[in-house]
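Order of the sequence lines fixes the chain letters, A, B, ..., with proteins taken first and strands second; residue numbering starts at 1 for each chain.
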Amino acid sequence: MKDVPDREPATPSPEPTDFIREAVRQDLASGRFARVHTRFPPEPNGYLHIGHAKAVWIDYGIARDFGGLFNLRFDDTNPVKEEQEYVDAIAEDVRWLGAEFGDRLFFASDYFEQMYRWAEDLIRKGKAYVCDLSSVEVSAHRGTLTSPGKDSPCRNRSVEENLDLFRRMRAGEFPDGSRTLRARIDMAHPNLNMRDPVMYRILHTEHHRQGKAWCIYPMYDWAHGLEDSIEGITHSLCSLEYENHRPLYDWFLENLGIYRPRQIEFARLNMTHTVMSKRLLLELVNEGRVRGWDDPRMPTLAGLRRRGYTPEAIRVFCKRIGIDKADSTVDVQLLEHCLREDLNKRAPRFLGVLCPLKVVITNYPEGEEEELDAVNNPEDSAAGTRKVPFCRELYIEAEDFAETPPPKFFRLSPGREVRLRYAYYITCREVVKDAAGRVVEVRCTYDPATRGGDSPDGRKVKSTLHWVSARHAVPAEARLYDRLFTASDPLDVPPGGSFKDHLNPESLRVVTDCRVEPALKDVRPGFICQFERLGYFCADPDSAPGRPVFNRAVTLKDAYARAQRTPSAV
RNA sequence: UGAGGAUUGGUGUAAUGGUAACACACCUGACUCUGACUCAGGCGUUCUAGGUUCGAAUCCUAGAUCCUCAGCCA
């Protein structure tokens with residue numbers, strides 16, 4: 001991924017693939033803008049999620065496609081909700097995603113002084129006034145969707161008085177909520193956002209970057225267009241709910257007489273079995289429903305990263321879902337597909353057993369052991385091979401054995417011969433049970449002629465199993481994740497219900513007695529591999545030397561398991 | 001019944017007056033030292049009603065349905 005070049009002349013996108021790129025292309029052609037400059041403006045009040053990835057990828061991708069610039073700008077105008085922790089996490093996530101902003105990291109709070117001066121300008125023009133109404137009174141004066149509002153009694157204050165009052169607001173003379181600065185537009189406007197919107201509120205709260213420098217803070221509508229204007233943004237891309245705010249965005253900039261970017265709105269991402277709201281995600285974190293913002297079940301970028309998602313997979317996903325103005329819900333299976341597609345090409349394969357069942361090869365010499373060659377990645381010949389130890393006692397997956405095999409079960413069962421991946425054909429001769437009647441060991445014989453996994457006499461075997469050498473394998477923990485919510489739309493609840501009613505009680509299954517290849521003994525957190533026949537796994541930061549912990553990012557597709565679920569397929 | 005938007009298979013998108021297509025999902029089958037991958041096939045679509053036109057997803061008219069907005073949040 002290349003850096004966005006600095007100040008290169010805008011180049012028309014070769015083929016507009018969505019309505020925003022089409023609009024940008026037209027703006028370039030018409031001369032409305034001579035360059036392209038976008039921004040991603042998160043509020044640092046939570047972690048970024050996959051929906052933000054879509055937005056980032058639209059903002060960054062359009063800048064890149066048109067040879068323009070891309071800014072990361074924190075919209076930190078509300079100190080009561082914002083924290084430095086979020087600033088750091090968000091910047092890291094955006095970098096990780098691959099949206100490079102170089103040194104173009106900005107903070108709205110750095111513009112507070114300029115914003116303040118512009119506010120005085122508006123007052124001088126008679127287009128803003130200090131209002132003494134309380135928030136309830138302002139609300140009552142606003143009118144309703146179908147009826148006009150009423151003017152504030154303060155609406156016709158003199159410029160001098162407004163200036164004086166506004167300066168004293170800044171100086172800290174008034175308590176929180178006692179006054180606001182409002183734009184003087186039209187209390188009867190059919191768009192409620194235009195009914196004298198509040199520009200500044202009094203908040204005697206310390207700001208995470210500005211400290212105690214301010215006790216008045218700008219509102220979004222007032223601040224956002226100014227931020228865009230200051231940075232020379234050409235296309236201010238945002239989600240649909242801001243469509244109603246565009247007239248106000250334009251109004252402030254026009255009445256100030258300053259540079260005006262073009263705001264374009266697109267539909268935010270929704271995904272099945274997922275909630276995509278920082279507020280609700282925060283609720284899950286605060287109530288301990290998940291381990292934190294980076295819990296691998298969370299749709300946050302931090303969670304997805306910990307789980308084993310790659311930036312490449314997320315980018316491809318963002319590209320495939322497209323951009324539109326229609327509300328939509330993407331099937332989470334598309335995200336999973338993108339991950340499998342990426343990891344299938346790149347992830348090295350290993351053998352690992354989640355639930356070990358001991359296998360004793362009765363005709364294999366007691367103290368002997370040997371090394372077999374295993375292919376690291378059948379999709380990538382350059383990945384080479386590795387050695388895997390083999391000896392008399394092995395572990396296989398418990399569910400790969402059935403004493404009485406159901407129909408279509410091809411794996412190991414008494415009398416049946418199967419292949420151990422890269423090793424030998426083995427035949428089950430005997431089953432050992434404990435007092436409770438549970439199978440605790442399977443005794444097999446192997447065919448020395450099948451070393452490497454091929455039979456010289458050409459006989460076929462229905463199934464190939466993964467395995468590890470009991471003597472050599474390293475113990476590991478696996479965390480098997482399933483969707484966080486059982487319902488396709490977790491927000492679809494009866495009156496009085498909660499999205500948390502749909503929480504999947506089996507969204508996390510911890511398996512503590514796994515066995516994996518010795519090569520995996522000391523993996524670094526973040527290492528991603530495929531455990532053959534099981535899925536893609538990512539080493540967790542909780543890993544300890546000699547005892548790795550793996551998060552299952554996604555299973556392999558499993559036709560057998562699917563057939564089990566749908567009994568119709570005989 | 002204020003304003004602003006939206007509507008194409010199960011899902012997400014494409015087609016910009018000229019054969020409605022792609023991906024995911026789902027279902028078959030082939031292949032296979034991963035019941036993976038890959039390959040082949042199948043399923044199924046223009047919100048409704050009128051109109052313009054040789055021809056409409058696309059243009060016009062009317063309607064339906066859905067989304068957003070009444071924070072001193074963003």
Sugar-phosphate, base or nothing in reach of Y242(A), heavy atoms under 4.0 Å: base
Spatial distance of atom NE2 (H224(A)) from atom CE (M219(A)) [nearest 0.5 Å]: 14.0 Å
Qualifying residue for ring pair (Phe, Tyr, Trp, His ring centres under 6.0 Å) with Y116(A), from W222(A), Y217(A), F166(A): F166(A)
Ion pair check, E173(A) and R168(A), cut-off under 4.0 Å: yes
Upstream residue (5' side of RNA chain B) when E243(A) and K557(A) are each assigned their closest nucleotide: E243(A)
rG2(B) versus rA62(B) - spacing of their P atoms, nearest Å: 15 Å
Interatomic distance, T77(A) atom OG1 to W214(A) atom CH2 [nearest 0.5 angstrom]: 13.0 Å
K278(A) vs rA74(B): side-chain N/O to OP1/OP2 distance below 4.0 Å: no
Polar pair under 3.5 Å, donor/acceptor by atom type, side chain Q530(A), base rU34(B): yes
side-chain hydrogen bond (donor to acceptor under 3.5 Å, both in side chains) against R346(A), all qualifying residues, sequence neighbours excluded: E312(A), D342(A)
Residues forming a salt bridge (Lys or Arg N to Asp or Glu O under 4.0 Å) with R386(A), sequence neighbours excluded: E517(A)
Same-atom distance (C1') from rG17(B) to rA30(B), integer angstrom: 43 Å
Y395(A) six-ring centre to R515(A) NZ/CZ under 6.0 Å and within 45° of normal: yes
Touch class at under 4.0 angstrom, heavy-atom based, for H224(A) against every strand present: nothing
Touch class at under 4.0 angstrom, heavy-atom based, for F409(A) against every strand present: base
Side-chain N or O of T77(A) closer than 4.0 Å to phosphate OP1/OP2 of rA74(B): yes
Nearest-angstrom distance from the residue atom CZ of R562(A) to P of rA36(B): 8 Å
side-chain hydrogen bond (donor to acceptor under 3.5 Å, both in side chains) partners for S236(A), two or more places apart: R39(A), D228(A)
Touch class at under 4.0 angstrom, heavy-atom based, for P218(A) against every strand present: sugar-phosphate
Integer angstrom distance from the C1' of rA23(B) to that of rG44(B): 15 Å
Touch class at under 4.0 angstrom, heavy-atom based, for S147(A) against every strand present: nothing
Touch class at under 4.0 angstrom, heavy-atom based, for P247(A) against every strand present: nothing
Near-strand residues of residues 189-201 of chain A, defined as heavy-atom separation under 4.0 angstrom from RNA chain B: P190(A), L192(A), V198(A), R201(A)
Residues in side-chain hydrogen bond (donor to acceptor under 3.5 Å, both in side chains) contact with H245(A), at least two apart in sequence or another chain: D221(A)
With sequence neighbours excluded, residues passing salt bridge (Lys or Arg N to Asp or Glu O under 4.0 Å) with E83(A): none
Could you go through nucleotides 63-67 of chain B and list every protein N or O atom that sits under 3.5 Å from one of its N or O atoms, giving the distance for each pair?
unit_1  : atom_1 : unit_2  : atom_2 : d
rC67(B) : O2'    : D327(A) : OD2    : 3.2

Sugar-phosphate only, base, or nothing, as touched by L240(A) at under 4.0 Å among non-hydrogen atoms: nothing
Short side-chain N/O contact from S328(A) to OP1 or OP2 of rU11(B), under 4.0 Å: no
Under the salt bridge (Lys or Arg N to Asp or Glu O under 4.0 Å) test, residues paired with D492(A) that sit two or more places apart: none
Residue-phosphate contact under 4.0 Å: R533(A) side-chain N/O, rG35(B) OP1/OP2: yes
CZ (R268(A)) with more than 12 external heavy atoms under 6.0 Å: no
Separation between the P atoms of rU61(B) and rC26(B), rounded to whole Å: 43 Å
Side-chain N or O of S139(A) closer than 4.0 Å to phosphate OP1/OP2 of rG71(B): yes
Summary of salt bridge (Lys or Arg N to Asp or Glu O under 4.0 Å) pairs that have at least one residue in residues 185-197 of chain A, sequence neighbours excluded: R155(A)-D196(A)
Sugar-phosphate only, base, or nothing, as touched by D176(A) at under 4.0 Å among non-hydrogen atoms: nothing
Touch class at under 4.0 angstrom, heavy-atom based, for R142(A) against every strand present: sugar-phosphate
H337(A) side chain near rC24(B) phosphate (N/O to OP1/OP2, under 4.0 Å): yes
Separation of F252(A) CZ from I185(A) CD1 (nearest 0.5 Å): 5.5 Å
side-chain hydrogen bond (donor to acceptor under 3.5 Å, both in side chains) partners for S277(A), two or more places apart: none
Side-chain donor/acceptor of R320(A) to base of rU13(B), under 3.5 Å: no
Per-nucleotide protein contact string for nucleotides 39-48 of chain B (B base, S sugar-phosphate only, - none; heavy atom under 4.0 Å): ----------
Whole-angstrom distance between rU13(B) and rC73(B), as gauged at atom C1': 33 Å
Atom-pair distance (NE2 on H273(A); C1' on rA25(B)), nearest Å: 11 Å
Structure string for RNA chain B in dot-bracket form, Watson-Crick and G-U at under 3.5 Å, | interchain: .((((((..((((....[..)))).(((((.......)))))....(((((..]....))))))))))).....
